[in-house]
J.: 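Just dropping this structure here.
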There are 4 protein chains.
Amino acid sequence: MSEKRKTIPSLVKDPKLIEKRREQIIEAAVHLFIHKGFHKTTTREIARASGFSIGTLYEYIESKEDVLYLVCDAIHAEMETRLREAINFNGTGLKILKLALKSLIRVMDQMGDRVLLIYQESKSLPKETLRYVLGREEEISQIFVEILHRGIADGSLRIDEKHVKLMADNIMVLGEMWVFRRWALHKHYSLEEYTEKQITLLLREISVSE
Amino acid sequence: MSEKRKTIPSLVKDPKLIEKRREQIIEAAVHLFIHKGFHKTTTREIARASGFSIGTLYEYIESKEDVLYLVCDAIHAEMETRLREAINFNGTGLKILKLALKSLIRVMDQMGDRVLLIYQESKSLPKETLRYVLGREEEISQIFVEILHRGIADGSLRIDEKHVKLMADNIMVLGEMWVFRRWALHKHYSLEEYTEKQITLLLREISVSE
Amino acid sequence: MSEKRKTIPSLVKDPKLIEKRREQIIEAAVHLFIHKGFHKTTTREIARASGFSIGTLYEYIESKEDVLYLVCDAIHAEMETRLREAINFNGTGLKILKLALKSLIRVMDQMGDRVLLIYQESKSLPKETLRYVLGREEEISQIFVEILHRGIADGSLRIDEKHVKLMADNIMVLGEMWVFRRWALHKHYSLEEYTEKQITLLLREISVSE
Amino acid sequence: MSEKRKTIPSLVKDPKLIEKRREQIIEAAVHLFIHKGFHKTTTREIARASGFSIGTLYEYIESKEDVLYLVCDAIHAEMETRLREAINFNGTGLKILKLALKSLIRVMDQMGDRVLLIYQESKSLPKETLRYVLGREEEISQIFVEILHRGIADGSLRIDEKHVKLMADNIMVLGEMWVFRRWALHKHYSLEEYTEKQITLLLREISVSE
DNA sequence: AATGAATGAGAATTCATTCAT
DNA sequence: CATGAATGAATTCTCATTCAT
């Protein structure tokens with residue numbers, strides 16, 4: 001279903017080293033891309049900030065675009081990890097959903113820069129790679145599909161099976177909006193208020209209690 | 001209150017001609033920026049697509065960034081115009097709001113590429129210019145502030161005066177959502193369905209009838 | 001002997017107008033060239049400072065280099081005029097020489113910027129034109145040849161006929177040095193002191209009284 | 001006292017290599033600047049004449065102006081070196097001065113093109129850099145200050161202590177004159193004759209024997 | 001005669017990528 | 001494996017000159 005993860009060739013053999021170096025690259029590039037944008041960041045800067053030479057950088061990637069891919073992928077991975085770690089899958093679907101929504105918005109808040117980065121720069125990825133990166137987001141929204149299913153099963157949520165996917169997408173939108181419209185929303189809401197309000201609105205639609 | 005519109009100096013004196021040429025530039029650049037992005041579009045491409053030489057391009061702008069500014073400003077202007085034209089300010093606030101929301105989402109739908117363009121590329125504007133461009137959006141959300149006030153005045157909408165601005169922002173979010181999450185939302189909704197649903201949700205919150 | 005004066009073709013017929021416009025051009029260009037240098041001054045700037053459009057500028061010259069030529073020639077002309085006006089050709093050669101030397105240094109002092117301009121920018125003239133401009137200076141040193149001859153004739157100066165030309169050149173050097181080494185000389189001499197000293201040194205060599 | 005030498009940043013780390021490459025750049029640029037002038041010489045020409053690509057050129061300089069600075073500084077350095085090497089500091093001040101004056105004029109003669117280069121092009125340097133370059137000349141005239149002091153100390157020269165600096169400047173003028181008025185002076189003097197004459201004139205003023 | 005819009009060759013500079021050491 | 005010097009295509013912007021009005 002989801003695109004195959006892209007494998008970036010490396011001139012270096014040792015997989016452990018490759019991973020370590022690429023982590024350095026990602027760490028450095030994320031900050032550079034956030035502050036200067038992908039195009040205004042040079043490979044030299046990435047190399048220097050990574051702690052090694054330009055030659056070494058190219059031992060672990062094949063092109064500057066590869067760095068962007070690594071960065072986007074790492075951001076999605078972190079987002080998914082953080083989300084999954086924050087969610088406790090015990091309890092009713094309803095209870096889990098509340099917690100998950102809260103976590104989503106909190107994670108979005110914490111990772112705002114990086115989420116924006118993906119939205120603003122991922123278009124610079126090669127077509128094929130872009131498709132994979134976008135698909136990666138899908139996987140995250142799967143978390144909510146799972147939760148909604150759980151709620152339907154245990155009777156704590158009332159929602160037509162065929163609308164589950166749609167609802168999961170809507171939930172992702174709620175989270176992203178906090179980032180995209182940050183400057184507008186922050187004028188009126190605290191993180192907590194926004195979360196509270198969105199939970200209320202959402203549950204009004206799908207919780208059984210209503 | 002809002003930032004003063006930036007005036008780009010031109011080497012050409014005839015204001016009519018300046019306007020005409022800049023329209024050509026904008027028309028050409030919008031398409032190039034949408035398809036290739038700002039950084040991957042060259043000034044020569046802009047000139048050629050505008051129908052004149054690189055030298056002539058620079059008679060009407062001072063830097064490539066000026067083109068981006070012209071484009072962003074033109075997009076906002078068109079958005080506001082379209083919206084204001086679509087809205088009939090006769091009737092109750094409630095009725096106007098419904099129409100306006102419908103119009104907003106339709107305009108967003110029609111201008112999706114251009115709205116995304118602003119979100120993805122406006123960060124490349126000089127700080128000062130960026131501020132103006134962002135402020136421009138504020139002006140658009142003012143349309144909804146006006147409508148909400150109208151509804152409060154005529155009793156067709158029930159909403160605390162101090163939440164008006166917030167609500168207007170939320171409405172803008174609904175419109176942008178349709179653009180940002182297009183690929184996800186389109187899988188489940190038609191434009192009409194999405195509009196219908198958002199109107200319902202919104203009015204549930206603020207219409208008096210509830 | 002001296003190169004023929006270069007005639008710059010003009011698209012305009014009326015000679016009076018040509019002269020008037022070219023005076024405007026020279027007046028404007030001299031200041032621009034002094035402050036910005038020939039290469040950093042644009043034809044547009046010259047036109048604007050001259051009080052007319054770029055198109056009109058090119059009605060009276062054929063190339064930017066023509067402006068440089070006009071400027072150099074005008075400077076030499078002014079120098080010669082000023083010098084000839086300052087010198088009273090009555091009295092002994094010795095007396096005239098003293099006055100002439102004083103005048104030379106004063107004129108050099110007053111026209112320092114313009115003298116430097118010729119030295120720094122005339123190399124940008126086309127070869128042929130450059131030769132004429134340099135020859136123009138020769139004409140000025142002829143003034144001193146005349147004076148020296150007068151002094152020899154009336155017995156107030158003692159100098160071998162065959163060294164006259166050399167001595168005239170030396171005199172020109174004295175004047176130019178006040179300009180070229182301005183920053184060094186001004187630290188130690190006033191204009192008057194420098195003049196006094198050079199006159200003394202010179203006359204020690206050639207005045208009969210010694 | 002004198003301005004600090006400007007340090008041009010380089011992207012290359014190896015100092016030995018930087019020095020070597022910059023020597024190549026200077027060697028190439030001096031000839032180009034002499035023949036075509038600074039403005040009419042392109043960076044590509046400099047790179048090609050230096051024996052490497054335009055990219056490599058910019059690994060060793062930051063701007064075209066840097067090349068001009070390197071060239072001016074190298075010329076002054078060579079002038080000072082040649083002069084100091086030619087002067088034997090044994091003997092009376094008077095004897096040293098004669099030798100030094102002869103050397104000065106000879107060095108000026110040999111380096112005429114380059115001396116003119118500095119006079120014609122140094123105005124294109126950034127203000128700050130220009131100040132340093134001009135100050136560099138001061139250092140050279142210091143050589144003569146030293147010699148004059150020596151002569152005063154050993155009694156071979158008679159000159160008021162407070163006129164020493166002035167006299168040193170005058171000596172520099174004698175040397176530069178040979179360059180600036182080359183075309184005029186060469187018609188009448190050989191290098192030797194000019195030197196002889198200037199030495200005679202100078203010593204008439206300051207040698208004790210008179 | 002005057003204007004000024006249009007032109008495009010050319011200039012300086014940047015930067016992703018390579019490859020010899 | 002790591003390094004960093006070398007490369008040159010590509011890019012933005014300038015400006016002398018032309019020519020239709």
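Below, chain A is the first sequence line, B the second, and so on; all start at residue 1. Predicted model, so just to flag it, every value in this text is computed and none were measured.
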J.: Assuming nearest nucleotide by heavy-atom distance, tell me which of Ile54(D) and Ile54(C) is located more 5' along DNA chain E.
T.: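 Residue closer to the 5' terminus by nearest nucleotide: Ile54(C).
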
J.: Of all the nucleotides listed (dT12(F), dC1(F), dG4(E)), which has the minimum atom distance to the side chain of Arg44(B)?
T.: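 Nearest to the side-chain atoms of Arg44(B), counting from C-beta on, is dT12(F).
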
J.: How long is the line joining NZ of Lys64(B) and C1' of dT14(E), in whole Å?
T.: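 The answer, rounded to whole Å, is 13 Å.
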
J.: How many whole angstroms separate atom CG of Asp14(D) from atom P of dT21(E)?
T.: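 In whole Å, dT21(E) P and Asp14(D) CG are 15 Å from each other.
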
J.: Inspect the contact between Asp73(D) and Arg5(D) and indicate whether a charged nitrogen and a carboxylate oxygen are less than 4.0 angstrom apart.
T.: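 Yes.
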
J.: Rounded off to whole Å, could you give me the CD1-to-P distance for the Ile46(A) and dC15(E) pair?
T.: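 These atoms are roughly 12 Å apart.
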
J.: Please tell me if Thr56(D) has a side-chain N or O lying less than 4.0 Å from either OP1 or OP2 of dT7(F).
T.: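 So the side-chain polar atoms of Thr56(D) do come within 4.0 Å of the phosphate oxygens OP1 or OP2 of dT7(F), strictly under.
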
J.: Counting side-chain heavy atoms from C-beta on, which of dA12(E), dA5(F), dA2(F) comes nearest to Leu17(D)?
T.: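 Between dA12(E), dA5(F), dA2(F), the one nearest the side chain of Leu17(D) would be dA5(F).
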
J.: Looking only at the side chain of Thr42(D) (C-beta and beyond, no hydrogens), which of the listed nucleotides dA6(F), dT14(F), dA12(E) gets closest?
T.: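 Nearest nucleotide to the side chain: dA12(E).
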
J.: Nearest-Å distance, CG (Leu57(A)) to C1' (dT18(E))?
T.: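 From Leu57(A) CG to dT18(E) C1': 13 Å.
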
J.: Is the shortest heavy-atom distance from the side chain of Lys36(D) to the side chain of Glu45(D) under 4.5 Å?
T.: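 Result yes, sub-4.5 Å side-chain heavy-atom pair found.
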
J.: Looking only at the side chain of Ser63(C) (C-beta and beyond, no hydrogens), which of the listed nucleotides dA1(E), dC13(F), dT17(F) gets closest?
T.: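 From the listed options, dT17(F) comes nearest.
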
J.: Can you tell me if the side-chain N/O atoms of Thr43(D) get under 4.0 Å from OP1 or OP2 in dA12(E)?
T.: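 Yes, Thr43(D) has a side-chain N/O under 4.0 Å of OP1/OP2 on dA12(E).
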
J.: Between Tyr58(D) and dA6(F), does any side-chain N or O lie under 4.0 Å from OP1 or OP2?
T.: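 For Tyr58(D), the contact criterion (side-chain N or O under 4.0 Å from OP1 or OP2 of dA6(F)) is not met.
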
J.: Flag this pair as yes if the NZ/CZ of Lys40(D) is under 6.0 angstrom from the six-membered ring centre of Phe33(D) and inside a 45 degree cone about the axis; otherwise no.
T.: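 No, a cation-pi geometry is absent between Lys40(D) and Phe33(D).
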
J.: In whole angstroms, how far is the P atom of dT14(F) from the CD atom of Glu62(B)?
T.: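 Result: 8 Å.
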
J.: Does NZ or CZ of Lys123(C) fall inside the cone over Phe38(C)'s six-membered ring, less than 6.0 Å from its centre and within 45° of the axis?
T.: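 Geometry flag: not set, cation outside 6.0 Å or 45°.
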
J.: Between Ile61(D) (CD1) and dA6(F) (P), how many Å, whole number?
T.: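 Nearest whole value for this atom pair: 14 Å.
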
J.: Output the rounded distance in Å from NZ (Lys16(D)) to C1' (dT21(E)).
T.: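 Taking NZ of Lys16(D) and C1' of dT21(E), I get 19 Å after rounding.
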
J.: Which base sits across from dA6(F) as a Watson-Crick or G-U pair, both distances under 3.5 Å?
T.: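 Pairing partner: dT17(E).
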
J.: Considering every strand shown, what is the Watson-Crick or G-U wobble mate of dT14(F) when both distances are under 3.5 Å?
T.: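 dA9(E) - that is the nucleotide pairing with dT14(F), both distances being under 3.5 Å.
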
J.: Taking pairing as Watson-Crick or G-U wobble with both contacts under 3.5 Å, can you name the mate of dA1(E), or confirm there isn't one?
T.: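 Paired with dA1(E), as far as the under-3.5 Å criterion goes, is no nucleotide at all.
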
J.: For Leu11(D) and Glu65(C), take the nucleotide of DNA chain F holding the closest heavy atom to each; which residue's nucleotide lies nearer the 5' end?
T.: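 Looking at DNA chain F, the more 5' nearest nucleotide goes with Leu11(D).
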
J.: Around His31(D), counting heavy atoms of other residues, nucleotides and ligands shown, do more than 12 lie under 6.0 Å from its NE2?
T.: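 Not buried by this count: 12 neighbours or fewer within 6.0 Å.
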
J.: Would you say Arg21(D) reaches dA6(F)'s phosphate, i.e. side-chain N/O to OP1/OP2 under 4.0 Å?
T.: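 Answer yes for this pair, as a side-chain N or O of Arg21(D) is under 4.0 Å from OP1 or OP2.
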
J.: By nearest heavy atom, map Glu59(B) and Ser53(A) onto DNA chain F; which one lands nearer the 5' end?
T.: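 Its nucleotide being nearer the 5' end, the pick is Ser53(A).
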
J.: Between Gly51(B) and Phe38(D), just flag the one whose closest nucleotide in DNA chain E comes earlier from the 5' side.
T.: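 On the 5' side of the pair lies Gly51(B).
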
J.: Go through it in stages, so that I can follow the logic: the residues are Arg114(C) and Glu78(C), the test is salt bridge (charged side-chain N to carboxylate O under 4.0 Å, His left out), and I'd like the CA-CA distance, side-chain angles, deciding distance and then a yes or no.
T.: CA-CA 10 Å; Arg114(C) 277 160 288 180; Glu78(C) 184 181 355; 3.2 Å; yes

J.: Let me know the distance between CD1 of Ile25(C) and P of dA2(E), rounded to the nearest Å.
T.: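 Between P of dA2(E) and CD1 of Ile25(C): 10 Å.
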
J.: Contact class for Thr41(A) vs. all strands (heavy atom < 4.0 Å): base, sugar-phosphate, or nothing?
T.: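 If one applies the 4.0 Å heavy-atom cut-off, Thr41(A) turns out to touch the sugar-phosphate alone, with no base involved.
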
